[in-house]
There are 2 protein chains.
Amino acid sequence: MLQTQSTVMDFDSALERFKSISLDKGLRLTHQRLEILRELVGAKDHPSAEMVFGRVRRRLPTISLDTVYRTLSTFDELGLIMRVPVTGDQGRFDADTSPHHHFVCSRCKAIYDFFWDEFDRLTLPLDSEALGRADDRRVVLRGVCTRCMGEQ
Amino acid sequence: MLQTQSTVMDFDSALERFKSISLDKGLRLTHQRLEILRELVGAKDHPSAEMVFGRVRRRLPTISLDTVYRTLSTFDELGLIMRVPVTGDQGRFDADTSPHHHFVCSRCKAIYDFFWDEFDRLTLPLDSEALGRADDRRVVLRGVCTRCMGEQ
DNA sequence: GTACGTGCAAAAATTTTGCTTTAAT
DNA sequence: ATTAAAGCAAAATTTTTGCACGTAC
């Protein structure tokens, strides 16, 4: 079977990125940061801070929620992870910062990744170029996911 | 001079849409709803609930913030307005539900509209079609806006 | 040893909810 | 007259912050 297009970033390369950034900016490699990174790299559901907290706590029972928030913000600022551009009560995070896009189910709020080379190669319209320098471009699809459609 | 491509929805047509929906669903045309709709249609900055509250209050001094929240949610569910898919502390709203896209300045948090026909005409990738039925597709650009670039 | 990061607690900010009153139909 | 919606107050939820202690460097 063909390898899927999915870019499942592995922990080791994410860790390497973090290490090199750490050296640069004088950040420390703490257990908490490592475990949060590991959790996020392994997650496929674009978890919220609360979700990350719940999962990391299984391995690091003394970790606190505010550390998770602080760490996720730090990682986001470093470009190590990204916030998924979705509406909703909670912020959702993604350790995969490669060009890919999101399908958001308006019923169950699940977020799925998909890839779209044709879009990625498109030249931005003049309209948008006049607005500023775009560092990142994402497509967000909103609809009802296959699973929810099945459940009628 | 050429007419710009901008779809500045006017209040009258938004009102007509609201009226026909109201008849359908038994919603009432209250002052509050009308003024919130007027404000949103006139706004070009994709305001948050708090921003809408502040502006509408100038004309309707007794309106309360929770009414604004409830009304915006109602309008969103009716498809009369949309939540802009952006990350950030507050939800942002847009009275223009026509196909258009957003540029978000990561520095000043301003949200600008732009149009992109070429994208709108693109067929979604198979990848995404497998995920579910997409009702809406948006592009989100994240970067630094011209104004912030000017301010060094 | 130095300071950066964590945990704790508290606060801030945003959004939602229950209930009574007001007002649109 | 009915009943949805508004306003008020309170709560719930999410996220941020100040500070003392712990720990990576």
Side-chain angles (χ1 to χ4, degrees), chain A residues 15 18-39 46-54 56-78 80-81 83-93 109, chain B residues 15 18-40 46-78 80-81 83-93 109:
Chain A
L15 182 56
F18 181 45
K19 278 186 180 166
S20 86
I21 292 172
S22 295
L23 272 180
D24 232 49
K25 311 233 173 181
L27 297 181
R28 292 178 179 177
L29 271 79
T30 64
H31 285 152
Q32 290 86 340
R33 284 179 175 164
L34 251 41
E35 290 309 317
I36 289 170
L37 187 61
R38 185 196 309 282
E39 197 54 56
H46 311 82
S48 64
E50 194 88 41
M51 288 158 86
V52 172
F53 175 59
V56 170
R57 193 158 49 159
R58 294 196 293 244
R59 268 171 291 134
L60 238 63
T62 63
I63 198 171
S64 63
L65 179 56
D66 50 276
T67 294
V68 175
Y69 272 106
R70 271 190 267 236
T71 302
L72 291 173
S73 289
T74 304
F75 285 177
D76 177 38
E77 280 155 29
L78 297 177
L80 205 61
I81 67 173
R83 287 176 202 266
V84 184
V86 291
T87 65
D89 39 345
Q90 303 189 146
R92 306 276 295 254
F93 298 85
K109 314 299 177 200
Chain B
L15 182 56
F18 181 45
K19 278 186 181 167
S20 87
I21 292 172
S22 295
L23 272 179
D24 232 49
K25 311 233 171 179
L27 297 183
R28 293 176 177 179
L29 271 79
T30 63
H31 285 152
Q32 289 85 341
R33 284 179 174 165
L34 252 41
E35 290 308 317
I36 289 170
L37 187 60
R38 186 197 309 283
E39 197 55 55
L40 213 46
H46 312 80
S48 65
E50 194 88 41
M51 288 159 88
V52 172
F53 175 58
R55 294 171 196 180
V56 169
R57 194 158 50 159
R58 294 197 291 246
R59 268 171 291 133
L60 238 63
T62 65
I63 198 172
S64 63
L65 179 58
D66 50 277
T67 294
V68 175
Y69 272 105
R70 269 191 266 240
T71 302
L72 291 173
S73 288
T74 303
F75 284 176
D76 177 37
E77 281 156 27
L78 297 175
L80 206 61
I81 66 174
R83 288 175 202 267
V84 184
V86 290
T87 65
D89 41 344
Q90 305 187 145
R92 306 274 297 251
F93 298 85
K109 313 300 177 199

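Note that the structure is a prediction, hence the values are computed from the model and not measured.
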- [ ] Pick base, sugar-phosphate or nothing for A/Ser48, based on heavy-atom distances below 4.0 Å to the nucleic acid.
- [x] nothing

TODO: Ignoring hydrogens and angles, tell me if any N or O in the side chain of A/Arg92 forms a donor-acceptor pair with the backbone of A/Val84 under 3.5 Å.
DONE: no

TODO: Let me know the distance between CZ of A/Phe18 and P of D/dA24, rounded to the nearest Å.
DONE: 13 Å

- [ ] Kindly point out which of D/dT14, C/dA24, C/dG7 is positioned nearest to the side chain of B/His31?
- [x] C/dA24

TODO: Using a heavy-atom cut-off of under 4.0 Å over every strand shown, decide if A/Leu29 touches base, sugar-phosphate, or nothing.
DONE: sugar-phosphate

- [ ] Dump the intermediate steps for side-chain contact (heavy atoms from CB on, under 4.5 Å) on A/Arg83 and A/Phe93, then the final yes or no.
- [x] CA-CA 5 Å; A/Arg83 287 176 202 266; A/Phe93 298 85; 3.6 Å; yes

TODO: May I ask you to decide if A/Arg28's main-chain N or O and A/Arg33's side chain share a donor-acceptor pair within less than 3.5 Å?
DONE: yes

- [ ] Just compare D/dG7, D/dA6, C/dT6 and give me whichever is closest to any side-chain atom of B/Thr71.
- [x] D/dA6

Open item on the list: Nearest to the A/Asp66 side chain among D/dT17, C/dT15, C/dG5, which nucleotide is it?
Closed with: D/dT17

Task: Distance in angstrom units between A/Met51 CE and D/dT14 C1', rounded - done: 15 Å

- [ ] For A/Leu27 and C/dT6, give me the distance from atom CG to atom C1', rounded to whole Å.
- [x] 14 Å

Task: Candidate list A/Val68, A/Asp66, A/Thr62, test side-chain contact (heavy atoms from CB on, under 4.5 Å), partner A/Ser64, passing option - done: A/Asp66

Open item on the list: Under 4.0 Å, heavy atoms only, any strand: does A/Arg33 hit a base, just the sugar-phosphate, or nothing?
Closed with: sugar-phosphate

Open item on the list: Students often get this wrong, so: under 4.0 angstrom with heavy atoms, is A/Thr30 touching a base, only sugar-phosphate, or nothing?
Closed with: sugar-phosphate

TODO: Could you state the atom-to-atom distance from CZ of A/Arg83 to P of D/dT14 in whole Å?
DONE: 15 Å

TODO: Measure the distance from CD on B/Glu50 to P on C/dT16 and round it to the nearest whole Å.
DONE: 13 Å

Task: side-chain N/O B/Tyr69 vs C/dT16 OP1/OP2, d < 4.0 Å - done: no

TODO: Look at B/Ser64 and D/dA6 and indicate whether a side-chain polar atom (N or O) is within less than 4.0 Å of OP1 or OP2.
DONE: no

Open item on the list: Given the structure, check if the side chain of B/Arg70 and the base of C/dG18 hold any donor-acceptor pair shorter than 3.5 Å.
Closed with: yes

Task: Gap between atoms CG and P, on B/Leu65 and D/dA9 respectively (whole Å) - done: 14 Å

Task: Selected nucleotide, minimal atom distance to B/Arg28 side chain, candidates C/dT15, D/dT16, C/dA23 - done: C/dA23

Task: B/Phe53 and B/Tyr69 aromatic centres sub-6.0 Å - done: no

TODO: Nearest whole angstrom, please: distance from the C1' of D/dC25 to the NZ of A/Lys25.
DONE: 19 Å

Task: Between D/dG22 (P) and A/Gln32 (CD): distance, integer Å - done: 14 Å

Open item on the list: Side chain of B/Ile63, heavy atoms from C-beta onward: which of D/dG7, D/dA5, C/dG7 has the nearest atom to it?
Closed with: D/dG7

